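Heads up: the structure comes next, in structure tokens.
In what follows, chains carry the letters A, B, and so on, assigned in the order in which the sequence lines appear, proteins first and then strands, with residues in each chain numbered from 1. Because the structure is a prediction, the values reported are computed rather than measured.
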Amino acid sequence: MDKKNKKPDIKIFNTLSLSKELFKPINEDKVLMYVCGITAYDLSHIGHARAYITFDIIYRFLKSAGYNVIYVRNFTDIDDKIIKKANEEKKTVEAVSSKYIDEYRKDMDALNVLSPSYEPKATETIPEMIEVASKLIDKGNAYEINGDVFFRVNSFKDYGKLSHKNIDELIAGLRIPVNEEKENFLDFALWKKSKEGEPSWNSPWGKGRPGWHIECSAMSMKFLGESIDIHGGGSDLIFPHHENEIAQSESYTGKNFVNYWIHNGFVNINSEKMSKSLKNFITVRDVLEKFHPEALRLFFMFTHYRSFIDFSYEGIESAGQSLLRLYQAVNLYNELKKLTYEKRIEIKDAKEKDTSGGTAGGASTEDGNKGTAVSGKNPESIERYIAQFYDSMGDDFNTAKAVSVIFDLVRKTNKIIKDAMAQNFIERADLLFLDSAMVFIKHSLSDIFGILNEDPKLFIESNSAPANYEYGKSGVSAAAAAISGEEIEKLIKRRNELRKNKEYAAADEIRKSLLEKGVTLEDTNFGTAYKITGIN
RNA sequence: GGCGGCAUAGCCAAGCGGUAAGGCAGAGGUCUGCAAAACCUUUAUACCUCGGUUCAAUUCCGAGUGCCGCCUCCA
């Protein structure tokens, strides 16, 4: 990271080889990355969220590792499903696609998914697609039949290298009726003759529109060149989509198309694949209605990107609690800093340490010596944590492991801070450790994981209330309190007077009555705070 | 039918040849008049079953069971 030029080793599980490979980009400092985007015909679901958050983190990590990443993520804005939707809603195809592109962008913004370097639309790349199809025909890799152009799968000897299938087996396993027109049922459309009323473009084969697979090849080559480093997408795209992309691209250029193929696992609902066709999908919005977007991100990060995730509201709830713990740690640090500035916590230099005859300084047990703890319990280097973090991320983007490193660190910083608060002093070495730890925590969580972007104090105040979720129902945020803020303040004041006079029974009575109205009190050193926790 | 993946504590989930990260929940403790919140500590007699390889297997190999995915649009 901050070591100039020296980049951490990164191993990537490559679908081509089904094994982890050391990442070596084509250009020394630049990474060319393409990720298949959405077909814009409906709201995004949490499966899309996982895919794009996965690649968002990969994108962020590669940048943090010192690479200049050129990231392209496309929009498919011409396609059967969009045409169907347009017909149903009696709108133009363009109206439908642009609407859902807008909605998608809103979702991605909400999820703090960074915009790629380029977001091309298929319809903006038609000439390039026609060029590819034409040349493929010239080279004998494709053929035209009545205005349709098909890729001749048998002309590409490596067909199946990505999905690890072979053509003969695929034909043997045939389950769908063969299109009589095609030479081989595996042959796929590069160009489709358009029907009446459908959007169409002029081509050497008459009016038509592009096939799906050729879009990505054309857009990838247009923006990134003929050979790129990383191409990603959901694991359902391996076959046939990505397989077809390889076939047409490599036939077209005669060069290797992609060096590293990365595929993310699926989001399941009740152990079953979630998909639009199964109609069991949950939209990004459904989730964001009830949970903080960062909770969703963390939820995904707790699992390796290649594993499937079984989605559940309980799972996000759990991730939400974890997120709160992270915010709490930063908040605690902020409080400590404030106390040191106000000189309410003294900063001691190592020299004046230990009058209590502690054990050998730095080597002493860093755990367990509560209370005394003047012996340098810390000067441990933050480097160890940073190294572990980068090792984990460099090991096929193992976010689950990387996150655990952060939690380890958080436990450590919490302990140091709490001890300091209890003793009213902190050793300078410990403070320096805390400072560097927080810089690292904030960088890793915010810049790489894309979380922890809220003000800690505000976040904690607004998220501490137990979520009152119920599957399939909206209304997590509990009912509002049955009492006004003004009245609450009045009662708190009254109660604190009673407490001052040690009339605890009466004070507790007020607290109880507020609780019944959905207000929870918290006595702190700086006064009494209240939270609307709702009536259960 | 072909190909592939997964099976780790109450739940989620890393690890993958030398005897188990992390999170949530639970329990105990610190703090507090008591609470709440926070923090700390703690929680797997062996990681689906049975065989095999090995000095050593949760980790490798084989078989079995269960769940899931791809082979059709799909992140």
Side-chain angles (χ1 to χ4, degrees), chain A residues 18 35-39 44-55 79-81 160 163-166 168-170 172-176 186 212 232-241 263-268 271-278 281 298-299 301-304 306-310 312 314-315 317-326 328-329 331-332 335 367-368 370-371 388 392 395 398-408 410-411 414-415 417-419 421-422 460 464 499 502-505 507-508 511-512 515 520-525 528-531 533:
Chain A
L18 295 179
V35 171
C36 289
I38 55 157
T39 296
S44 297
H45 57 231
I46 51 175
H48 295 113
R50 158 119 101 152
Y52 300 119
I53 287 172
T54 293
F55 290 103
D79 161 276
D80 290 346
K81 291 189 292 293
S163 54
H164 305 283
K165 297 172 185 302
N166 73 59
D168 295 339
E169 279 172 4
L170 283 166
L174 177 71
R175 284 189 355 205
I176 49 166
L186 287 173
W212 178 39
S235 52
D236 55 334
L237 297 182
I238 296 171
F239 188 90
H241 186 54
H263 294 95
N264 66 276
F266 268 76
V267 176
N268 290 175
S271 299
E272 281 201 325
K273 175 180 170 177
M274 178 181 73
S275 71
K276 286 179 179 171
S277 49
L278 289 176
F281 66 94
L298 231 204
F299 173 72
M301 280 184 273
F302 274 127
T303 303
H304 187 92
R306 275 190 288 114
S307 307
F308 72 82
I309 288 184
D310 211 12
S312 70
E314 288 82 354
E317 168 73 19
S318 168
Q321 286 302 118
S322 306
L323 180 66
L324 194 56
R325 181 172 161 79
L326 261 14
Q328 224 102 226
N331 188 234
L332 200 56
E335 278 176 22
D367 316 299
K370 260 193 137 123
Q388 279 181 4
S392 303
D395 184 11
N398 192 334
T399 52
K401 202 170 172 186
V403 163
S404 79
V405 174
I406 301 296
F407 277 102
D408 273 340
V410 158
R411 186 180 309 109
N414 281 340
K415 194 180 177 102
I417 294 168
K418 281 284 183 173
D419 282 353
M421 285 176 164
I460 291 163
S464 299
R499 288 174 68 216
K502 299 204 192 300
E503 293 177 52
Y504 295 121
D508 288 351
R511 184 170 62 197
K512 197 177 151 204
L515 186 63
T520 302
L521 297 188
E522 265 179 53
D523 296 324
T524 73
N525 292 336
T528 300
Y530 70 88
K531 275 192 307 219
T533 44

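At a threshold of 4.0 angstrom between heavy atoms, the contacts of A:Phe299 with the nucleic acid are absent. Residue A:Asn414 is classed as a sugar-phosphate contact, given heavy-atom separations below 4.0 Å to backbone atoms only. Looking at heavy-atom distances under 4.0 Å, A:Lys418 makes contact with a base. Within the nucleic acid shown, A:Asp408 comes within 4.0 Å of sugar-phosphate atoms alone, with no base atom in reach, counting heavy atoms only. Nucleic acid contact for A:Val267: base, since at least one base atom lies under 4.0 Å from a heavy atom of the residue. If you check every strand for non-hydrogen atoms under 4.0 Å, A:Arg499 touches a base. Using a 4.0 Å heavy-atom cutoff across all strands shown, A:Met301 reaches no nucleic acid atom at all. Residue A:Leu237 is in sugar-phosphate contact alone, with no base atom involved, counting any heavy-atom pair closer than 4.0 Å across all strands shown. A:Gly233 comes within contact range of the sugar-phosphate backbone alone, with a heavy-atom separation under 4.0 Å but no base atom that close.
The separation between A:Arg306 atom CZ and B:A14 atom P is 10 Å, rounded to whole Å. The distance between atom CD of A:Glu314 and atom P of B:G10, rounded to the nearest whole Å, is 18 Å. One atom, CG of A:Leu18, and another, P of B:G5, lie 7 Å apart when rounded to the nearest Å. Between A:Gln328 atom CD and B:A38 atom P there is a gap of 5 Å when expressed in whole angstrom units. One interatomic measurement links the two molecules: NE2 of A:His304 to P of B:A7, which rounds to 13 Å at whole-angstrom precision. For the pair A:Asp310 CG and B:C6 P, the interatomic distance rounds to 16 Å; values are reported in whole Å. Summarising the geometry, the separation between CG on A:Leu324 and C1' on B:A25 is reported as 15 Å, rounded to the nearest angstrom. The distance from atom CG of A:Asp419 to atom C1' of B:C40 is 9 Å, rounded to the nearest whole Å.
Of all heavy-atom pairs spanning A:Val410 and A:Ala329, the tightest one is CG1-CB, 3.6 Å. Heavy atoms only, all atoms of each residue included: A:Gly265 and A:Ser235 are closest at CA-OG, 4.2 Å. Scanning all heavy atoms of the two residues, the minimum distance from A:Met301 to A:Val403 falls at CB-CG2, 4.3 Å.
One finds the CG atom of A:Asp310 at 11.0 Å from the CE atom of A:Met274 (value rounded to the nearest 0.5 Å). In this structure, NE2 in A:His304 is found 11.5 Å from NZ in A:Lys401, a value given to the nearest 0.5 Å. With values rounded to the nearest 0.5 angstrom, A:Asp508 atom CG is found 11.5 Å from A:Leu515 atom CG. With rounding to the nearest 0.5 Å, the separation of CD1 in A:Ile238 from NZ in A:Lys165 is 9.0 Å.
Nucleotides B:C11 and B:U53 are separated by 36 Å at their C1' atoms, to the nearest Å. Rounded to whole Å, the separation between the C1' atoms of B:U32 and B:A36 comes to 9 Å. The same atom, P, is picked in B:C71 and in B:C55; the two are 45 Å apart, to the nearest Å. Nucleotides B:G2 and B:G64 have their P atoms positioned 13 Å apart, rounded to a whole Å. B:C47 and B:A14 are spaced 12 Å apart, taking the C1' atom of each and rounding to whole Å. Using atom P as the reference point in both B:A20 and B:A46, the two lie 12 Å apart (nearest Å). With both ends at atom P, the span from B:U65 to B:A57 equals 26 Å, rounded to whole Å. Spacing of C1' atoms, B:G52 relative to B:C70, comes out at 32 Å, to the nearest Å.
At the phosphate of B:C70, OP1 or OP2 sits under 4.0 Å from a side-chain N or O atom of A:Lys273. Phosphate contact (OP1/OP2 of B:G69, side-chain N/O of A:Asn268, threshold under 4.0 Å): absent. At the phosphate of B:A38, neither OP1 nor OP2 sits under 4.0 Å from any side-chain N or O atom of A:Asn331. The side chain of A:Gln321 places an N or O atom within less than 4.0 Å of a non-bridging phosphate oxygen (OP1 or OP2) of B:A25. Between A:Ser307 and B:A14, a side-chain N or O to OP1/OP2 separation shorter than 4.0 Å is present. Note on A:Arg411: a side-chain N or O is less than 4.0 Å away from OP1 or OP2 of B:U41.
When both pairing distances are held under 3.5 Å, B:U54 makes no Watson-Crick or G-U pair with any nucleotide shown. With both pairing distances under 3.5 Å, B:A46 is matched to nothing as a Watson-Crick or G-U wobble pair. In this entry B:U72 has no Watson-Crick or G-U wobble partner, no candidate having both defining distances under 3.5 Å. Base pairing analysis places B:U32 opposite nothing; no Watson-Crick or G-U wobble pair with both distances below 3.5 Å involves it. Using the Watson-Crick or G-U wobble rule with both distances under 3.5 Å, B:U19 pairs with nothing in any strand shown. Pair check for B:G10 finds B:C24; Watson-Crick or G-U wobble, both atom distances under 3.5 Å.
The aromatic ring of A:Tyr504 sits over the base of B:G33, with ring centres less than 5.5 Å apart and planes inclined by under 30°.
Taking only distance into account, the side chain of A:Asn398 never meets the base of B:G15 through a donor-acceptor pair shorter than 3.5 Å. Within 3.5 Å, a donor on the side chain of A:Arg511 pairs with an acceptor on the base of B:A35, or the reverse. A donor and an acceptor atom sit less than 3.5 Å apart, one in the side chain of A:Asp523 and one in the base of B:C34.
Within the 3.5 Å criterion, the main-chain N or O of A:Asn398 finds no donor-acceptor partner in the side chain of A:Asp395. With hydrogens and angles ignored, the 3.5 Å screen pairs a side-chain donor or acceptor of A:Thr54 with a backbone N or O of A:Arg50.
Side-chain proximity of A:Thr39 to B:C39, B:G22, B:A75: nearest is B:A75.
Where A:Ala319 and A:Phe266 each meet RNA chain B at their nearest nucleotide, the meeting point lying more 5' is that of A:Ala319. Checking A:Thr303 against A:Ala400, the closest nucleotide of RNA chain B that is more toward the 5' end is the one next to A:Thr303.
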